[in-house]
Amino acid sequence: MAWVITHLCRDCLDLSCVEVCPVDCIYGYTGTDSETFPNQLYIDPDECINCGVCEPECPWEAIFEDEQVPDVFQEAIALNAKLTEHKDQFEVPPKVDKARPTPEQIAENKAKWSYGG
Ligand code: SF4
Ligand code: SF4
């Protein structure tokens, strides 16, 4: 069991989640294969201790426990796990302060992925 970062994170990268993770298991991709690893963050399922601390910190509501990942984001479970095959191309990124999204922006982002939650 582990927590999963979904498509709702894409292009956010404000890294609020990274700052609170007690085991530094939230990573950014540093490689060039953006087809395989889109611009979002990834949780290493082998290192995640299932504390859930990151979830409420995410302004885009992009993080779910693996058993709770909505159907439209199911592929995110395997995608997060895939980082373990390319660990040398992932690193824990530094925090970047970004403006918090508005409720409207959060709703728009969910609608973009056909997610109504
Ligand atoms: S806080 Fe949420 S949206 Fe922002 S980088 Fe972390 S997982 Fe992605
Ligand atoms: S659930 Fe806890 S250990 Fe896992 S990624 Fe979130 S903060 Fe880190």
Side-chain angles (χ1 to χ4, degrees):
M1 202 175 87
W3 289 64
V4 174
I5 296 180
T6 65
H7 308 50
L8 295 172
C9 171
R10 293 192 186 172
D11 299 327
C12 161
L13 305 183
D14 81 351
L15 316 176
S16 301
C17 53
V18 173
E19 205 169 44
V20 299
C21 179
V23 294
D24 291 334
C25 71
I26 302 178
Y27 293 89
Y29 178 58
T30 61
T32 56
D33 184 4
S34 58
E35 288 285 316
T36 303
F37 294 110
N39 188 28
Q40 63 165 75
L41 297 192
Y42 299 84
I43 292 173
D44 184 332
D46 295 338
E47 298 178 354
C48 175
I49 60 170
N50 306 312
C51 67
V53 168
C54 54
E55 188 273 338
E57 294 300 317
C58 176
W60 295 100
E61 302 173 15
I63 308 174
F64 296 85
E65 201 168 6
D66 53 6
E67 292 172 356
Q68 304 292 329
V69 173
D71 287 348
V72 291
F73 302 134
Q74 278 295 306
E75 67 183 42
I77 299 173
L79 183 58
N80 278 238
K82 198 172 180 63
L83 86 79
T84 61
E85 301 166 16
H86 305 272
K87 206 59 188 290
D88 59 328
Q89 295 174 34
F90 284 84
E91 62 183 31
V92 178
K95 167 88 171 126
V96 177
D97 281 326
K98 279 195 177 181
R100 307 288 286 186
T102 64
E104 291 75 21
Q105 288 173 317
I106 295 168
E108 275 173 29
N109 190 41
K110 289 179 178 177
K112 187 170 83 179
W113 296 102
S114 302
Y115 173 56

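Atoms within each ligand, like the ligands themselves, are counted from 1 in listed order.
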Q: Going by the order shown, which atoms of ligand 2 are within less than 4.0 Å of some heavy atom of Ile26?
A: 5 (S)
Q: Within ligand 1, which atoms have a heavy atom of Trp60 less than 4.0 Å away?
A: 3 (S)
Q: Give the atom numbers and elements of ligand 2 that come within less than 4.0 Å of a heavy atom of Ile43.
A: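 Listed by number with element, the hits are 5 (S).
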Q: Quick one: nearest non-hydrogen protein atom to atom 3 (S) of ligand 1, plus distance?
A: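 That would be Cys12 SG, 3.3 Å.
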Q: Answer whether the closest heavy-atom distance between the side chains of Tyr42 and Asn80 falls below 4.5 Å.
A: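 The answer is yes; the side chains approach within 4.5 Å.
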Q: Could you state the interatomic distance from CD (Glu47) to CD1 (Ile26), rounded to the nearest 0.5 Å?
A: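 Those atoms lie 11.0 Å apart.
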Q: When you group the ILVMFWY residues by side-chain heavy-atom contacts below 4.5 Å and let the links chain together, are Val23 and Tyr27 in the same group?
A: no
Q: Starting from atom 2 (Fe) of ligand 1, what is the nearest protein heavy atom, named by residue and atom, and what distance separates them?
A: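 Minimum-distance protein heavy atom for atom 2 (Fe) of ligand 1 reads Cys58 SG, 2.3 Å.
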Q: Atom OG1 of Thr36 and atom CG of Leu79: how far apart are they, to the nearest 0.5 Å?
A: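 If I round to the nearest 0.5 Å, the distance is 8.5 Å.
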Q: If you have a sec, work out which protein heavy atom is nearest atom 1 (S) of ligand 1 and how many Å separate them, to one decimal?
A: Asp14 OD1, 3.3 Å
Q: Provide the closest heavy-atom pair for Cys9 versus Ala62 in the form atom of the first, atom of the second, distance.
A: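 So the two residues come closest at N-CB, 3.5 Å.
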Q: Under 3.5 Å, sequence neighbours excluded: what are the donor-acceptor pairs made by side chains of residues 110-117?
A:
residue : atom : partner : partner atom : Å
Lys110  : NZ   : Glu61   : OE1          : 2.4
Lys110  : NZ   : Gly117  : O            : 2.9

Q: Got a second to check how far Trp3's CH2 is from Asp66's CG, nearest 0.5 Å?
A: 9.5 Å
Q: Could you identify the single nearest non-hydrogen protein atom to atom 8 (Fe) of ligand 1 and state the distance to 0.1 Å?
A: Cys9 SG, 2.3 Å
Q: Run the numbers for me: atoms of ligand 1, each under 4.0 Å from some heavy atom of Pro59, listed by number.
A: 1 (S)
Q: Distance check, rounded to the nearest 0.5 Å: Gln74 atom CD versus Thr6 atom OG1?
A: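 The CD atom of Gln74 sits 11.0 Å away from the OG1 atom of Thr6.
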Q: Under 4.0 Å from any heavy atom of Leu41, which atoms of ligand 1 are there?
A: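 So the atoms of ligand 1 that pass are 5 (S).
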Q: Need the ligand 1 atom indices (1-based, order shown) with element for anything under 4.0 Å from a heavy-atom of Ile63.
A: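 By the 4.0 Å cutoff, the relevant atoms are 7 (S).
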Q: When rounded to the nearest 0.5 angstrom, what is the spacing between CG in Asn109 and SG in Cys12?
A: 8.5 Å
Q: Under 2.8 Å from atom 2 (Fe) of ligand 2, how many protein N, O or S atoms can be found?
A: 1
Q: Provide, to 0.1 Å, the distance between atom 6 (Fe) of ligand 1 and the closest protein heavy atom, together with that atom's residue and name.
A: Cys17 SG, 2.2 Å
Q: Could you check whether the rings of Tyr29 and Phe90 sit parallel, tilted or perpendicular, using 30° and 60° as the cut-offs?
A: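 Because their plane-to-plane angle lies in the 30° to 60° range, the rings of Tyr29 and Phe90 count as tilted.
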Q: How long is the span from the CH2 atom in Trp60 to the CD1 atom in Ile5, to the nearest 0.5 Å?
A: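 Spacing of CH2 (Trp60) from CD1 (Ile5) equals 15.0 Å.
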